[in-house]
A.B. asks: 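Pasting a structure below so you can have a look.
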Amino acid sequence: MSPNAESTAFRSALEVIRAVEPRVADAIGAELADQRESLKLIASENYASPATLLAMGNWFSDKYAEGTVGRRFYAGCQNVDTVEALAAEHARELFGAAHAYAQPHSGIDANLVAFWAILADRVEAPALKRAQARHVNDLTEADWFALRRELGDQRMLGMSLDAGGHLTHGFRPNISGKMFDQRSYGTDPATGLVDYDKVAEAAREFRPLVLVAGYSAYPRKVNFRIMREIADSVGATFMVDMAHFAGLVAGKVFTGDFDPVPHAHIVTTTTHKSLRGPRGGLVLCGPELADQVDRGCPMVLGGPLPHVMAAKAVALAEARRPDFADYAQRIVDNAQALADGLLRRGAKLVTGGTDNHLVLIDVTGYGLTGRQAEQALLDSGIVTNRNAVPQDPNGAWYTSGIRIGTPALTTRGLGTAEMDGTAELIHTVLSQTTAGANPDGTASKAKYQLDPALADKISRQASELLTGFPLYPNVDLG
Ligand code: PLP
């Protein structure tokens with residue numbers, strides 16, 4: 001590849017876009033400039049490679065391709081078949097899974113595909129058998145009515161939101177909470193860790209159809225072998241949502257009991273977080289659930305996005321290279337260096353540290369809410385997001401935590417020395433920010449005071465920290 005190929009590709013693309021709607025071209029250019037300047041510590045974000053980004057912007061976007069590889073409801077899908085088959089093959093090889101489904105448009109969609117595959121397998125198929133019907137269309141009105149009731153009467157056990165679980169694991173604001181009767185397992189109040197005995201006890205009492213593991217804000221590993229034993233003991237299907245840590249599984253940082261693929265009946269993930277691919281989802285499973293998973297579209301998904309599947313194939317091919325394992329290890333090394341740097345400066349961390357790519361700071365130690373801390377950090381050029389901590393006194397909106405993650409900065413090449421510098425900047429901002437008051441004198445959960453001169457100084461220091469680590473170094477937009 002010529003040294004200027006990436007610059008030429010992106011410059012040409014912007015020129016073509018600019019000729020139609022210059023404001024879009026300008027916004028795309030501005031987004032790159034903003035991303036280059038900010039210290040991005042959002043645990044769920046990353047920087048996809050130029051090859052992954054370019055694989056998305058083309059005529060694959062024009063194609064309808066409902067169905068699966070070789071079995072489409074539309075003609076002319078031979079090239080879509082090529083990229084979907086490649087994405088699935090790379091996913092199977094990378095994760096050691098028997099079956100991979102590359103169509104989900106996002107993590108939420110991947111979870112919906114998995115939930116409906118489980119319901120179809122565990123509830124619908126037996127009902128069809130009982131009624132001696134091959135297809136739901138063959139059921140009598142009475143049998144169909146009974147099946148719909150039964151589908152809506154199933155239970156799910158998942159991690160509580162404040163312990164780090166995700167809204168799609170059966171919580172009421174999400175469709176999963178309207179589909180399932182859900183109970184949560186939390187973490188041990190003293191250690192902040194998953195208490196497997198408590199999970200087993202909850203499973204015995206509640207007898208869920210589905211046991212879900214996986215998280216967006218739990219800074220430790222989960223033992224999936226034990227979770228599978230718990231699921232088996234109550235006849236539950238064991239599902240793992242590895243959206244956040246898929247990159248650590250792909251990079252063989254999480255192996256043995258901590259690799260969900262050999263232990264779970266079904267695994268879902270996003271492709272854009274630690275896995276560093278395009279925005280999208282994947283489902284992995286064994287042969288037992290494969291046919292049901294492949295019905296994801298049109299069961300819950302709109303038509304596949306072939307351009308995104310092409311990009312998934314590129315990103316998964318990248319993740320199969322040996323250097324991805326090195327990247328995954330550096331993500332964790334960096335998260336641990338960041339945690340150590342914060343702890344040394346007196347920060348309070350949920351579980352006292354991290355085993356993965358994220359750190360959860362309990363900012364009540366600084367006298368702040370998550371909302372105040374998030375905004376003060378943003379004023380200082382540090383992009384994070386607020387997050388609930390276990391038994392959070394400030395609820396899910398204001399929260400008491402700041403979640404920080406290292407996949408993005410690790411992609412830029414920052415290492416453990418820079419993580420100590422990052423910890424210094426974060427600690428300085430949080431310790432110099434004070435909680436504000438409402439006009440009536442009561443404590444505000446949103447208002448705060450931070451000297452603007454200090455915020456500016458930290459912003460400059462944050463960009464200095466990034467100077468040796470250019471983002472998309474081969475892309476010069478001129
Ligand atoms: N599952 C988990 C554990 C997540 O953290 C997220 C995203 O935050 C999702 C699912 C949803 O992913 P998406 O935003 O791609 O739908």
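All figures in this text were calculated on a predicted structure; none of them were measured in a lab. Both counts, for ligands and for their atoms, begin at 1 and track the order of listing.
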A.B. asks: If you measure every N/O of Ser216 against every N/O of ligand 1, is any gap under 3.5 Å?
C.D. replies: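 Yes, there is a polar N/O contact under 3.5 Å.
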A.B. asks: For atom 13 (P) of ligand 1, tell me which residue out of Ala243, Gly107, Ala110 has the closest non-hydrogen atom.
C.D. replies: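 Heavy atom nearest to atom 13 (P) of ligand 1 belongs to Gly107.
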A.B. asks: Using a strict cut-off of 4.0 Å, indicate which atoms of ligand 1 neighbour a heavy atom of Ser106.
C.D. replies: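 Checking each atom against Ser106, I get 13 (P), 15 (O), 16 (O).
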A.B. asks: Using a heavy-atom cut-off of under 4.0 Å, does the side chain or the backbone of Ile108 touch ligand 1, or both, or neither?
C.D. replies: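 It is both backbone and side chain that touch ligand 1.
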A.B. asks: Tell me yes or no: between the side chains of Thr411 and Tyr327, is some donor less than 3.5 Å from an acceptor?
C.D. replies: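 Judged by distance alone, the side chains do pair up.
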A.B. asks: Which residue and non-hydrogen atom of the protein lie closest to atom 7 (C) of ligand 1, and at what distance in Å?
C.D. replies: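 For atom 7 (C) of ligand 1, the nearest protein heavy atom is Lys273 NZ, 2.7 Å.
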A.B. asks: In the protein, which heavy atom is nearest to atom 1 (N) of ligand 1, and how far is it?
C.D. replies: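 Nearest neighbour among protein heavy atoms for atom 1 (N) of ligand 1, to 0.1 Å: Asp241 OD2, 2.6 Å.
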A.B. asks: Would you mind listing which atoms of ligand 1 come within a distance below 4.0 Å of any non-hydrogen atom of Thr270?
C.D. replies: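 This gives 12 (O), 15 (O) as the contact atoms.
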A.B. asks: When you measure from the heavy atoms of Met242 to every atom of ligand 1, does any distance fall below 4.0 Å?
C.D. replies: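 Heavy atoms of Met242 never come under 4.0 Å of ligand 1.
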A.B. asks: For ligand 1, is there an atom lying under 4.0 Å from some heavy atom of His272?
C.D. replies: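 Per 4.0 Å heavy-atom rule, His272 contacts ligand 1.
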A.B. asks: Which heavy atom of the protein is the closest neighbour of atom 5 (O) of ligand 1, given with residue, atom name and distance?
C.D. replies: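 Answer for atom 5 (O) of ligand 1: His244 CD2, 3.1 Å.
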A.B. asks: For Lys252, does the NZ atom have more than 12 heavy-atom neighbours from other residues, nucleotides or ligands under 6.0 Å away?
C.D. replies: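 More than 12 within 6.0 Å, yes.
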A.B. asks: Give the C-alpha distance, both sets of side-chain angles, the deciding distance and a yes or no for ring pair (Phe, Tyr, Trp, His ring centres under 6.0 Å) between Tyr215 and Phe245.
C.D. replies: CA-CA 9 Å; Tyr215 50 79; Phe245 54 89; 5.0 Å; yes
A.B. asks: To check your reading of the model: name the closest protein heavy atom to atom 6 (C) of ligand 1, its residue, and the distance in Å.
C.D. replies: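 Going atom by atom, the protein heavy atom closest to atom 6 (C) of ligand 1 ends up being His166 NE2, 3.1 Å.
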A.B. asks: Taking 4.0 angstrom as the limit, do Glu418 and Arg412 come out as a salt bridge?
C.D. replies: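 No salt bridge links Glu418 with Arg412.
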A.B. asks: Could you check if a side-chain atom of Tyr366 sits within less than 4.5 angstrom of a side-chain atom of Thr433, using non-hydrogen atoms only?
C.D. replies: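 No; the side chains remain at least 4.5 Å from each other.
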A.B. asks: Measuring centre to centre across the rings, with the benzene-like ring taken for any Trp, is Phe180 within less than 6.0 Å of Phe115?
C.D. replies: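 Ring-ring flag for Phe180/Phe115: true, centres closer than 6.0 Å.
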A.B. asks: Does the side chain of Thr268 pick up a donor-acceptor pair with the side chain of Asn111 at under 3.5 Å?
C.D. replies: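 Result is yes, a qualifying pair exists.
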A.B. asks: Would you please say whether a donor-acceptor pair under 3.5 Å links the side chains of His99 and Asp294?
C.D. replies: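 A pair is found: one side chain offers a donor N or O, the other an acceptor, under 3.5 Å apart.
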A.B. asks: Under a 4.0 angstrom heavy-atom cut-off, which atoms of ligand 1 come close to Tyr215?
C.D. replies: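 Reading through ligand 1 atom by atom, the close ones are 3 (C).
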